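Notes for the one structure printed next.
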Amino acid sequence: METKEKFKDFVKNNPILLKHVQSGKMTWQRFYEMYDMYGEDNNAWREYLTDNAATAGATLGLFDFIKNLDLDSIQTGVNSMQRVVSLLQDMANKNSDKNTNTNREEYKPRPLYKHFED
(Lines give C-alpha, C1' and ligand atoms only; values in the text may rest on other atoms or scores of the structure.)
Protein backbone atom coordinates (compact mmCIF):
# COMPACT_ATOMS: atom_id res chain seq x y z
CA MET A 1 0.00 0.00 0.00
CA GLU A 2 2.88 2.32 0.69
CA THR A 3 4.11 2.11 -2.93
CA LYS A 4 0.63 2.94 -4.20
CA GLU A 5 0.47 6.12 -2.11
CA LYS A 6 3.96 7.16 -3.18
CA PHE A 7 2.96 6.58 -6.81
CA LYS A 8 -0.08 8.84 -6.33
CA ASP A 9 2.16 11.57 -4.92
CA PHE A 10 4.58 11.08 -7.82
CA VAL A 11 1.73 11.53 -10.32
CA LYS A 12 0.51 14.65 -8.50
CA ASN A 13 4.00 16.12 -8.73
CA ASN A 14 4.29 15.20 -12.45
CA PRO A 15 0.95 16.03 -14.13
CA ILE A 16 2.54 15.56 -17.57
CA LEU A 17 1.97 11.83 -17.09
CA LEU A 18 -1.75 12.46 -17.48
CA LYS A 19 -1.19 13.69 -21.05
CA HIS A 20 0.55 10.45 -21.96
CA VAL A 21 -2.34 8.42 -20.58
CA GLN A 22 -4.99 10.58 -22.28
CA SER A 23 -3.20 10.36 -25.62
CA GLY A 24 -3.15 6.57 -25.35
CA LYS A 25 0.64 6.25 -25.38
CA MET A 26 0.71 4.79 -21.87
CA THR A 27 -1.65 3.40 -19.24
CA TRP A 28 -1.73 3.98 -15.53
CA GLN A 29 -0.97 0.29 -15.02
CA ARG A 30 2.24 0.53 -17.06
CA PHE A 31 3.28 3.70 -15.24
CA TYR A 32 2.66 2.02 -11.90
CA GLU A 33 4.70 -1.00 -12.94
CA MET A 34 7.57 1.29 -13.99
CA TYR A 35 7.33 3.12 -10.70
CA ASP A 36 7.30 -0.15 -8.77
CA MET A 37 10.35 -1.45 -10.64
CA TYR A 38 12.47 1.70 -11.01
CA GLY A 39 11.19 4.15 -8.41
CA GLU A 40 11.24 7.92 -8.96
CA ASP A 41 14.90 8.55 -9.65
CA ASN A 42 15.63 6.64 -12.80
CA ASN A 43 16.31 7.38 -16.43
CA ALA A 44 13.19 5.43 -17.33
CA TRP A 45 11.11 8.51 -16.53
CA ARG A 46 13.22 10.87 -18.62
CA GLU A 47 11.18 10.19 -21.76
CA TYR A 48 7.90 10.98 -20.02
CA LEU A 49 8.96 13.87 -17.81
CA THR A 50 11.05 15.92 -20.25
CA ASP A 51 7.90 17.33 -21.87
CA ASN A 52 7.10 18.89 -18.52
CA ALA A 53 10.39 20.78 -18.47
CA ALA A 54 10.01 21.85 -22.11
CA THR A 55 6.48 23.13 -21.49
CA ALA A 56 7.57 24.98 -18.38
CA GLY A 57 10.54 26.45 -20.26
CA ALA A 58 8.31 27.60 -23.12
CA THR A 59 5.89 29.20 -20.68
CA LEU A 60 8.72 30.98 -18.86
CA GLY A 61 10.14 32.10 -22.20
CA LEU A 62 6.79 33.61 -23.15
CA PHE A 63 6.55 35.43 -19.83
CA ASP A 64 10.09 36.76 -20.25
CA PHE A 65 9.23 37.96 -23.75
CA ILE A 66 6.12 39.77 -22.53
CA LYS A 67 7.97 41.22 -19.55
CA ASN A 68 10.68 42.65 -21.82
CA LEU A 69 8.28 44.34 -24.23
CA ASP A 70 8.48 48.12 -24.36
CA LEU A 71 4.83 49.10 -24.18
CA ASP A 72 5.56 52.77 -24.92
CA SER A 73 7.16 51.95 -28.26
CA ILE A 74 4.28 49.61 -29.12
CA GLN A 75 1.77 52.37 -28.31
CA THR A 76 3.74 54.83 -30.44
CA GLY A 77 3.68 52.39 -33.36
CA VAL A 78 -0.06 51.81 -32.99
CA ASN A 79 -0.72 55.56 -32.91
CA SER A 80 1.35 56.03 -36.07
CA MET A 81 -0.57 53.29 -37.85
CA GLN A 82 -3.88 54.88 -36.80
CA ARG A 83 -2.78 58.22 -38.23
CA VAL A 84 -1.77 56.60 -41.53
CA VAL A 85 -5.09 54.76 -41.80
CA SER A 86 -7.01 57.95 -40.98
CA LEU A 87 -5.06 59.88 -43.63
CA LEU A 88 -5.73 57.22 -46.25
CA GLN A 89 -9.43 57.20 -45.40
CA ASP A 90 -9.60 60.99 -45.73
CA MET A 91 -7.85 60.84 -49.10
CA ALA A 92 -10.20 58.12 -50.32
CA ASN A 93 -13.26 60.10 -49.20
CA LYS A 94 -12.03 63.28 -50.93
CA ASN A 95 -11.34 61.39 -54.15
CA SER A 96 -14.76 59.77 -54.14
CA ASP A 97 -16.45 63.15 -53.48
CA LYS A 98 -14.42 64.77 -56.27
CA ASN A 99 -15.34 61.99 -58.73
CA THR A 100 -19.06 62.25 -58.02
CA ASN A 101 -19.05 66.06 -58.26
CA THR A 102 -17.10 66.17 -61.53
CA ASN A 103 -19.36 63.60 -63.11
CA ARG A 104 -22.43 65.64 -62.23
CA GLU A 105 -20.93 68.89 -63.52
CA GLU A 106 -19.81 67.34 -66.82
CA TYR A 107 -23.16 65.87 -67.65
CA LYS A 108 -25.63 68.44 -68.88
CA PRO A 109 -28.80 67.11 -70.36
CA ARG A 110 -29.52 68.36 -73.87
CA PRO A 111 -32.86 70.05 -74.43
CA LEU A 112 -35.26 67.86 -76.33
CA TYR A 113 -36.03 70.35 -79.08
CA LYS A 114 -32.39 70.90 -80.04
CA HIS A 115 -30.47 68.74 -82.43
CA PHE A 116 -26.75 68.19 -82.46
CA GLU A 117 -24.72 71.31 -83.32
CA ASP A 118 -27.77 73.61 -83.27
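No experiment lies behind these values; they were computed from the predicted model shown. In what follows, residues are counted from 1 in the order of the sequence shown.
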#### Entry: side chain to side chain donor-acceptor pair (under 3.5 Å) between Asn79 and Gln75, worked out
CA-CA 6 Å; Asn79 288 340; Gln75 184 64 41; 3.1 Å; yes

### Task
Before giving the answer on side chain to side chain contact (heavy atoms under 4.5 Å, CB included), spell out for Trp28 and Val11 the whole-Å C-alpha distance, their side-chain angles and the decisive distance to 0.1 Å.
CA-CA 10 Å; Trp28 288 120; Val11 170; 3.7 Å; yes

#### Entry: Candidate pair Leu17 and Trp45, rule side chain to side chain contact (heavy atoms under 4.5 Å, CB included), full reasoning
CA-CA 10 Å; Leu17 298 175; Trp45 295 105; 4.1 Å; yes

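Applying the under-4.5 Å side-chain rule to Ile, Leu, Val, Met, Phe, Trp and Tyr, the cluster around Met81 consists of that residue alone.
Between atom NE2 of residue His20 and atom CZ of residue Arg30 there is a gap of 12.0 Å, rounded to the nearest 0.5 Å. Atoms OG1 and OH, from Thr3 and Tyr35 in turn, are 7.0 Å apart once rounded to the nearest 0.5 Å. A distance of 9.0 Å separates NZ of Lys19 from CD of Gln22, quoted to the nearest 0.5 Å. Rounded to the nearest 0.5 angstrom, Gln89 CD and Asn93 CG are separated by 7.0 Å. Considering CD of Glu40 and CG of Asp9, their distance stands at 8.0 Å, rounded to 0.5 Å.
Not counting sequence neighbours, the partners of Tyr32 by the ring pair (Phe, Tyr, Trp, His ring centres under 6.0 Å) test are Phe7. For Asn68, the side chain to side chain donor-acceptor pair (under 3.5 Å) test picks out no residue, with sequence neighbours left out. Partners of Asp72 according to the side chain to side chain donor-acceptor pair (under 3.5 Å) rule, which considers only residues two or more places apart in sequence or in another chain, do not exist here. Partners of Glu33 under the side-chain contact (heavy atoms from CB on, under 4.5 Å) rule, at least two apart in sequence or in another chain, are Gln29. Among residues two or more places apart in sequence or in another chain, the side chain to side chain donor-acceptor pair (under 3.5 Å) test is passed with Gln82 by none.
No continuous path of hydrophobic side-chain contacts links Val84 to Ile74 [ILVMFWY only; heavy atoms under 4.5 Å].
Residues Val21 and Thr27 come closest through the heavy atom pair CG2-C, 4.2 Å.
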